[in-house]
Amino acid sequence: MGHRHFNGLKTAALFGALWAVLLGIGWLVGGGTGRYALLFGAIGVVMTAVSYWRSDTIAIRAMRARPVSELEQPAMYRIVRELSTAARQPMPRLYVSPTSAPNAFATGRNPQNAAVCCTDGILQILDERELRGVLGHELMHVYNRDILLSSVAAAIAGVVTSLAQFAMFFGGGSDRERNGNPLVGLLLALLAPLAASLVRTAISRTREYDADEDGARLTGDPLALASALAKLERGTHARPLPQDRELVNVSHLMIASPFRGGGMARMFATHPPMADRIARLQAMAGGTGGLTRY
């Protein structure tokens, strides 16, 4: 369980950095008085609350997913029921998205309000063992409250970006109301969103590694997830989703990055390199000689 303590501290530290960026903008815009820091902090809290309560519907709508019955998806229902029972957690709602791009995601603020969605594409390319590995990964996102964490991080990063753009028109310094400082405002507008995006992606990557490992422990089969991830890497490259705003905003919830990307885009990727994830799972299988289920 050591990795949980380390990654928990790492996530807390990253959230602290994200809030520091948000409050720092307010401090600079307020000329060091702290007036705007409190205001911006309050805006961040409100946006976080909105994101928290809507987290179980935003991704579902973005992917145009529909609820499915057990008659329509018997294997999906059987796997999720078995895994949620093993974890002593309630059965989430199940959805399927009508897209050929292979992917899956979980959403919802807690296990009682959770949903798991697979695309038509992933259901076509994975066998049942691999699908079990993917669904174990997604369920652990729910049980670890990762959907809440990622939604909060996305909300705060969005507030930072919006407020940094606002700050650009006011500048910095104690004489801001009289003179303004366009250079400081420009730096805020450029650097604050950059810092917030980097912190947000670091949080997302940390939670992906944990969901891989914890999901493998839940299913007892890390190689199944490793095999599924290898197929997903090829599938998402061959059939990427369009980078429209709705999909970009929820892409961090998906098990594999749904877009093509390279070069500088890797710096802001919300998912760790697939090769690293697969290698960790293979090492996990080789180093344990069999896993204890959740």
Side-chain angles (χ1 to χ4, degrees), residues 1-11 75-76 78-80 82-84 86-87 89 92 101-107 116-119 121-147 149-150 201-239 251-261 266 269-294:
M1 301 297 290
H3 79 284
R4 288 197 179 197
H5 295 299
F6 173 76
N7 284 336
L9 290 172
K10 181 179 178 182
T11 301
M76 192 175 171
R78 181 175 63 256
I79 292 169
V80 173
E82 289 174 357
L83 294 178
S84 58
Q89 297 288 345
N103 230 308
F105 63 89
T107 186
V116 175
C117 177
C118 291
T119 66
I122 199 172
L123 293 173
Q124 292 169 5
I125 68 171
L126 300 187
D127 62 33
E128 188 165 323
R129 180 188 170 207
E130 293 164 337
L131 181 61
R132 185 182 181 88
V134 166
L135 292 173
H137 169 104
E138 294 306 331
L139 288 174
M140 289 312 306
H141 272 311
V142 174
Y143 305 153
N144 290 341
R145 302 299 197 276
D146 289 342
I147 294 92
L149 293 174
S150 61
T201 56
I203 291 172
S204 180
R205 291 175 187 178
T206 298
R207 307 321 300 167
E208 284 300 317
Y209 281 131
D210 270 3
D212 283 346
E213 183 171 344
D214 292 339
R217 291 192 180 280
L218 177 60
T219 63
D221 190 359
L223 292 181
L225 180 55
S227 177
L229 292 179
K231 286 186 177 181
L232 284 171
E233 183 176 32
R234 295 191 295 269
T236 53
H237 181 76
R239 298 177 178 176
S251 62
H252 62 282
L253 296 175
M254 300 181 190
I255 189 170
S257 176
F259 312 121
R260 285 180 184 159
R266 293 176 181 266
T270 55
H271 295 71
M274 198 66 88
D276 289 353
R277 296 171 66 183
I278 293 171
R280 287 186 179 212
L281 289 164
Q282 291 172 338
M284 188 178 178
T288 59
L291 295 173
T292 302
R293 291 182 182 272
Y294 189 86

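Note that the numbering runs from 1 along the sequence shown for the chain. Quick note: numbers below take in every heavy atom, side chains included, and nothing from hydrogens, waters or symmetry partners.
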- Message: Looking at Lys231 and Ile125, would you say the former's side chain and the latter's main chain have a donor-acceptor pair under 3.5 Å?
- Response: yes
- Could you tell me whether the side chain of Ser84 and the main chain of Val80 form a donor-acceptor pair under 3.5 Å? yes
- Indicate yes or no for a side-chain donor-acceptor contact from Glu130 to the backbone of Ala224 under 3.5 Å, with no hydrogens or angles considered. no
- Message: Distance to the ring centre below 6.0 angstrom and angle to the axis at most 45 degrees; does that hold for Arg277 and Tyr209?
- Response: no
- Message: Do Gln124 and Pro102 make a side-chain contact, defined as non-hydrogen atoms from C-beta onward lying under 4.5 Å apart?
- Response: no
- Judged by atom type as modelled, is there a donor-acceptor pair below 3.5 Å linking the side chain of Asn103 to the main-chain atoms of Ala256? yes
- Message: Run the side-chain contact (heavy atoms from CB on, under 4.5 Å) test on Ile255 and Leu229 for me, step by step, so that the C-alpha distance in whole Å, both residues' side-chain angles and the decisive distance to 0.1 Å come before the verdict.
- Response: CA-CA 8 Å; Ile255 189 170; Leu229 292 179; 4.1 Å; yes
- Taking side chain as C-beta onward, heavy atoms only, is Leu83 less than 4.5 Å from Thr219? yes
- Is it true that atom CZ of Arg145 has more than 12 heavy atoms of other residues, nucleotides or ligands lying nearer than 6.0 Å? yes
- Query: Is there a donor-acceptor pair closer than 3.5 Å between any side-chain N or O of His137 and the backbone N or O of Arg132?
  - Reply: no
- Hey, what do you get for CG (Asp146) to NE2 (His141), rounding to the nearest 0.5 Å? 5.5 Å
- Output for pair (Asn144 CG, Asp214 CG), nearest 0.5 Å, gives 5.0 Å
- Step by step, would you call Leu131 with Asp127 a side-chain contact (heavy atoms from CB on, under 4.5 Å)? CA-CA 6 Å; Leu131 181 61; Asp127 62 33; over 6 Å; no
